[in-house]
Chemist: 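Sharing a structure, written as structure tokens. Questions coming.
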Amino acid sequence: MTGLIAALDTTDPQQALAWAGMVAPHCGMIKLGLEFFLANGIESARLMGHRPVFLDLKLHDIPNTVAGAVRAVLPLRPAMLTLHAAGGSAMIAAARAAADQAGDARPVLLAVTVLTSLDAEALHATGVAGGPRQQVMRLARLALDAGADGLVCSAHEVAMLRAAIGPAPVLVVPGIRPVGSAQGDQARTMTPTEAAQAGADWLVVGRPLTTAPDPAAAAAAIAAELAELAAQVVA
Ligand code: C5P
């Protein structure tokens with residue numbers, strides 16, 4: 001069944017805790033990103049207590065530096081950790097070797113392919129010749145071959161990736177917009193149902209939860225949508 005990850009993007013630890021309390025019953029994981037982490041420091045991730053934490057740090061540097069960064073966050077025991085696939089094979093392999101030092105507590109290493117905020121034109125402007133789908137596929141193969149456990153991609157690439165890489169790699173999909181919610185800065189979006197049907201393992205949802213009048217109800221509605229889909233698949 002496709003799981004729900006709540007992205008709690010804020011600099012305010014009390015706000016993050018309050019949101020976590022509201023949405024956690026409906027989510028499999030809490031995602032903390034650069035905004036929270038840089039404002040509050042490494043130890044702040046422990047605020048989430050027993051809840052599984054996805055550290056979305058999108059690491060992208062030379063292999064030695066990324067390996068050091070991975071080692072620095074291992075004591076926090078993140079369930080998932082992101083790095084940019086565009087950092088290249090050696091960087092991803094170095095991150096994997098560093099993460100392996102945690103043994104059974106190794107975080108799931110996710111390689112970000114093409115940011116969901118980039119459309120074809122914006123991607124082209126960065127110097128990439130092909131469109132988002134081609135670039136996602138190229139980076140996906142590179143990252144998985146180098147030791148990543150899974151990928152972050154838009155829902156528009158999930159079906160293509162599943163067909164190419166099989167069921168094992170974890171596919172995590174941001175850019176999720178329930179019917180009627182604002183697009184914001186996201187470009188390659190889909191609804192929770194569409195993304196789950198395409199084959200995503202996890203959906204990342206931020207502002208549709210955190211700006212909702214009732215974040216708990218918004219999370220519960222998406223969780224119910226995903227549970228209903230899963231029930232249809234079993235039936
Ligand atoms: O608020 P919204 O639902 O757009 O939040 C999406 C979250 O997913 C943000 O925390 C963002 O950093 C993250 N993300 C993304 N696109 C990626 C990788 C992560 O939007 N490719």
Side-chain angles (χ1 to χ4, degrees), residues 2-12 15-16 19-20 22-23 26-40 45 48 53-60 78-87 107-120 122-123 126 128 132-133 135-140 143 148-158 161 169-192 194-196 198 200-212 215 218-219 221-223 225-226:
T2 307
L4 176 61
I5 297 174
L8 305 185
D9 292 319
T10 174
T11 55
D12 178 356
Q15 176 67 82
W19 280 336
M22 289 184 258
V23 302
H26 313 289
C27 297
M29 219 172 286
I30 297 293
K31 184 174 90 69
L32 300 176
L34 288 172
E35 187 175 343
F36 181 83
F37 207 69
L38 295 180
N40 299 297
M48 295 298 138
V53 168
F54 169 5
L55 274 187
D56 187 14
L57 301 181
K58 296 194 180 68
L59 302 171
H60 190 173
M80 289 179 172
L81 179 65
T82 48
L83 66 173
H84 271 287
V108 169
L109 278 188
L110 298 171
V112 178
T113 54
V114 174
L115 292 170
T116 46
S117 53
L118 296 178
D119 60 15
L123 182 66
T126 67
V128 171
R133 287 170 67 82
Q135 182 67 356
V136 166
M137 187 54 80
R138 181 187 294 126
L139 290 174
D149 300 296
L151 305 163
V152 181
C153 60
S154 96
H156 294 269
E157 295 100 33
V158 170
L161 283 172
V170 182
L171 294 184
V172 175
V173 177
I176 299 298
R177 290 294 177 264
V179 175
S181 62
Q183 184 98 351
D185 55 355
Q186 295 286 15
R188 302 187 342 271
T189 62
M190 268 196 195
T191 66
E194 289 168 338
D201 294 299
W202 292 95
L203 307 185
V204 175
V205 185
R207 286 161 292 181
L209 301 181
T210 58
T211 64
I222 298 174
E225 195 175 323
L226 296 176

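Numbering of ligands and ligand atoms starts at 1, following listing order. Just so we're clear, the structure is a prediction, and the values are computed from it rather than from any experiment.
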Chemist: Counting heavy atoms only, which part of Asp56 comes closer than 4.0 Å to ligand 1: side chain, backbone, both or neither?
Modeler: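 The answer is the side chain.
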Chemist: Give, for atom SG of Cys153 and atom CG of Leu110, the distance between the pair rounded to the nearest 0.5 Å.
Modeler: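 Between Cys153 SG and Leu110 CG, I get 10.0 Å after rounding to 0.5 Å.
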Chemist: To the closest 0.5 Å, what do you measure between CH2 (Trp19) and CG (Asp12)?
Modeler: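 Spacing of CH2 (Trp19) from CG (Asp12) equals 8.0 Å.
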Chemist: Report the part of Arg207 (side chain from C-beta onward, or backbone N, CA, C, O) that has a heavy atom under 4.0 Å from ligand 1; answer both or neither where that applies.
Modeler: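 Both parts.
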Chemist: Got a sec, which residues hit side chain to side chain contact (heavy atoms under 4.5 Å, CB included) with Val128, two or more places apart in sequence or on another chain?
Modeler: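 Listed in chain order: Leu123, Thr126, Gln135.
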Chemist: Report yes or no: does Gln186 contribute a side-chain atom to a donor-acceptor pair with the main-chain N or O of Thr189 at less than 3.5 Å?
Modeler: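 No; zero donor-acceptor contacts below 3.5 Å.
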Chemist: Donor-acceptor check, side chain of Asp149 to backbone of Leu109, threshold 3.5 angstrom: yes or no?
Modeler: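 Judged by distance alone, yes, a pair lies under 3.5 Å.
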Chemist: Answer with side chain, backbone, both or neither: which part of Arg177 has a heavy atom less than 4.0 angstrom from an atom of ligand 1?
Modeler: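 Only the side chain of Arg177 comes within reach of ligand 1.
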Chemist: Is any N or O atom of Thr116, backbone or side chain, closer than 3.5 Å to an N or O atom of ligand 1?
Modeler: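 In this structure, Thr116 places an N or O atom under 3.5 Å from an N or O of ligand 1.
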Chemist: Backbone, side chain, both or neither: what part of Ser117 comes under 4.0 angstrom of ligand 1, heavy atoms only?
Modeler: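 Under 4.0 Å from ligand 1, Ser117 contributes no heavy atoms.
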Chemist: Decide whether an N or O pair under 3.5 Å exists between Val152 and ligand 1.
Modeler: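 In this structure, Val152 places no N or O atom under 3.5 Å from an N or O of ligand 1.
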Chemist: Taking heavy atoms and a distance under 4.0 Å, where does Asp9 meet ligand 1: side chain, backbone, both or neither?
Modeler: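 Asp9 to ligand 1: side-chain contact only, backbone stays beyond 4.0 Å.
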Chemist: Below 4.0 Å from any atom of ligand 1, is there a heavy atom belonging to Lys58?
Modeler: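 Distance cut 4.0 Å: Lys58 passes for ligand 1.
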Chemist: Are a donor atom and an acceptor atom from the side chains of Thr82 and Asp56 found within less than 3.5 Å of each other?
Modeler: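 The answer is yes; a qualifying pair exists.
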